[in-house]
Amino acid sequence: MVEDQPVLDVRNASIAYQTARGPVLAARDVSLTVYPHEIVGLIGESGSGKSTLAYGIMRLLKNGARLVQGEIRILGRDVYAMQKEELRAFRWLHMSMVFQSAMNALNPVLTIEDQIIDTLQSHQPQMTRREASLRARELAEMVRIDASRLSAYPHELSGGMRQRFVIAIAIALEPALVIMDEPTTALDVVVQRSILDQIREIQKVKGFSILFISHDFSLVAEFASRIAVMYAGRIVEVSASGLLDGDSLKHHPYTVGLWNAIPQLRARQLTLSGIPGSPPDIQNLPSGCAFHPRCTLADDTCRTSVPDRWSRGKSVIECHRFEVEEGATHE
Ligand code: SF4
């Protein structure tokens with residue numbers, strides 16, 4: 001792995017679902033990079049296109065969805081140029097995914113140990129069953145579950161244990177990139193915290209990169225070093241998480257709206273404000289900037305013209321307000 005080369009490089013990717021009314025773009029002209037050892041958060045409301053993008057990166061799109069523009073490279077390899085067999089070997093070895101629901105991700109009729117062994121042996125056929133079994137024990141230890149639980153079937157485990165084993169399977173082959181799609185959403189806050197701490201510890205030791213998808217801004221702000229904000233299929237801002245705040249002069253109005261909806265534990269005054277309106281119907285997007293019906297700063301330009309991407313300091317923002325700003329550069 002070349003240290004300054006991105007592990008994940010999504011360039012101008014658009015993903016469309018084929019519907020009776022024609023193709024509908026769920027991800028529109030998305031560009032995103034994840035570098036070695038980096039944790040990048042991807043946030044946005046339900047239906048913003050986060051999971052579609054994740055499935056698109058893994059080339060696991062279903063229900064008539066397909067990449068219609070752009071390219072997706074992992075470790076420099078074009079995922080959509082690979083033959084089926086090549087892709088099968090590449091997936092899990094170099095890129096893996098932790099799905100939203102552990103129950104759906106695990107096979108209900110196989111023990112956890114058999115599922116880990118299957119994953120290992122299907123990508124490393126030279127590995128003996130005994131070696132794979134020893135590796136399964138190491139992985140159980142890594143996610144802090146007693147090895148005796150490897151003989152259990154998924155339904156015999158708690159939600160937290162199942163999710164830990166799903167993470168163990170995702171990192172079994174030590175891929176360069178792990179996509180985590182709302183990995184702790186179904187779990188209670190205490191288990192969520194414990195699993196995130198473990199992911200961070202393992203990530204530090206193993207050094208893989210993570211694309212962490214969530215609708216929970218506060219969680220992602222704490223966990224990731226950079227955050228990409230997605231709205232109506234577009235990434236409207238990418239900023240270092242340490243730079244994020246509710247300053248409307250520095251950030252996209254949608255990012256500011258999400259920020260202001262988080263309770264700030266150290267703030268003197270607790271004033272929360274939501275974002276007015278609801279996310280748009282992606283089959284019928286508003287003209288110009290898709291956020292304009294909900295944006296308090298919208299003007300006529302916003303209603304008629306799609307904003308370009310502008311670099312502002314270390315952030316990249318898609319908003320007309322930054323076009324006129326001194327020092328802002330066109331991406
Ligand atoms: Fe608001 Fe206009 Fe910026 Fe869109 S382009 S976020 S409507 S100010």
Side-chain angles (χ1 to χ4, degrees), residues 7 37 39 51 54-55 57-58 60 74 87-214 219 223:
V7 170
H37 320 299
I39 302 179
S51 293
Y55 280 80
I57 292 169
M58 291 292 291
L60 285 172
I74 294 186
L87 176 68
R88 204 193 66 80
F90 192 83
R91 234 190 247 136
W92 301 109
L93 196 55
H94 299 296
M95 61 177 180
S96 68
M97 184 160 171
V98 175
F99 296 91
Q100 274 188 33
S101 162
M103 209 50 198
N104 296 341
L106 293 168
N107 185 332
V109 297
L110 286 181
T111 65
I112 298 293
E113 182 170 20
D114 282 344
Q115 297 186 51
I116 298 178
I117 289 174
D118 273 2
T119 307
L120 290 167
Q121 288 190 315
S122 64
H123 287 86
Q124 297 181 335
Q126 76 289 357
M127 191 179 256
T128 63
R129 188 170 171 89
R130 187 176 149 65
E131 285 167 341
S133 178
L134 285 174
R135 175 77 179 133
R137 276 160 202 281
E138 270 174 37
L139 288 162
E141 202 176 294
M142 216 179 277
V143 292
R144 292 199 211 136
I145 299 182
D146 192 281
S148 65
R149 304 305 286 145
L150 285 166
S151 59
Y153 289 88
H155 72 272
E156 295 174 315
L157 301 168
S158 68
M161 278 190 181
R162 283 197 292 263
Q163 198 56 297
R164 284 186 169 95
F165 275 129
V166 169
I167 292 165
I169 292 172
I171 61 172
L173 292 146
E174 306 200 353
L177 175 72
V178 182
I179 298 174
M180 299 191 171
D181 186 11
E182 308 262 10
T184 57
T185 299
L187 305 172
D188 67 62
V189 188
V190 177
V191 177
Q192 188 177 68
R193 163 68 47 193
S194 143
I195 290 183
L196 288 181
D197 287 346
Q198 278 171 28
I199 293 173
R200 209 179 343 226
E201 269 174 37
I202 299 169
Q203 188 265 345
K204 266 191 197 148
V205 175
K206 297 292 177 188
F208 51 85
S209 306
I210 299 177
L211 179 62
F212 187 89
I213 299 169
S214 177
L219 190 78
F223 191 66

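Just so you know, residue 1 is the first one in the sequence shown, and it goes up from there. Predicted, not measured: the structure shown is a model, and the values here were computed from it.
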Hey, is the main chain of Ala176 close enough, under 3.5 Å, to the side chain of His94 for a donor-acceptor pair?
no
How far apart are the C-alpha atoms of Asp197 and Arg200, what are their side-chain angles, what is the distance that settles it, and do they pass the side chain to side chain contact (heavy atoms under 4.5 Å, CB included) test?
CA-CA 5 Å; Asp197 287 346; Arg200 209 179 343 226; 3.7 Å; yes
Short side-chain to backbone donor-acceptor contact, Ser209 and His37, under 3.5 Å:
yes
In Å and rounded to the nearest 0.5 Å, what is the CD1 to CD1 distance from Ile171 to Ile202?
4.0 Å
Calculate, to the nearest 0.5 Å, the distance between atoms CD1 and CZ belonging to Ile199 and Phe223 respectively.
5.0 Å
Any side-chain heavy atom of Met142 within less than 4.5 Å of one from Lys206?
yes
Would you mind checking if Glu201 and Lys204 are paired as a salt bridge, meaning a charged N to carboxylate O distance below 4.0 Å?
no
What are the two closest non-hydrogen atoms of Thr128 and Gln121, and how far apart are they?
C-NE2, 3.3 Å
Do the side-chain N and O atoms of Glu113 and Ser151 include a donor-acceptor pair separated by under 3.5 angstrom?
no
Listed by chain and number, what are the side-chain contact (heavy atoms from CB on, under 4.5 Å) partners of Thr119, not counting sequence neighbours?
Ile169, Leu173
To the nearest 0.5 angstrom, please state how far the CD atom of Gln163 sits from the OG1 atom of Thr184.
7.5 Å
Measure the CD1-CE distance between Ile167 and Met180 for me, rounded to the nearest 0.5 Å.
5.0 Å
Specify whether His155 and Tyr153 have parallel, tilted or perpendicular ring planes, treating 30° as the upper limit for parallel and 60° as the lower limit for perpendicular.
parallel
Donor-acceptor check, side chain of Arg149 to backbone of Glu156, threshold 3.5 angstrom: yes or no?
yes
Taking side chain as C-beta onward, heavy atoms only, is Phe99 less than 4.5 Å from Asp181?
no
Is there a donor-acceptor pair closer than 3.5 Å between any side-chain N or O of Arg135 and the backbone N or O of Ala172?
yes
Taking all non-hydrogen atoms of both residues, which atom of Ala170 and which atom of Ser96 are closest, and how far apart?
O-OG, 2.7 Å
Please name the pair of heavy atoms, one in Arg162 and one in Leu157, separated by the smallest distance, quoted to 0.1 Å.
NH1-O, 2.9 Å
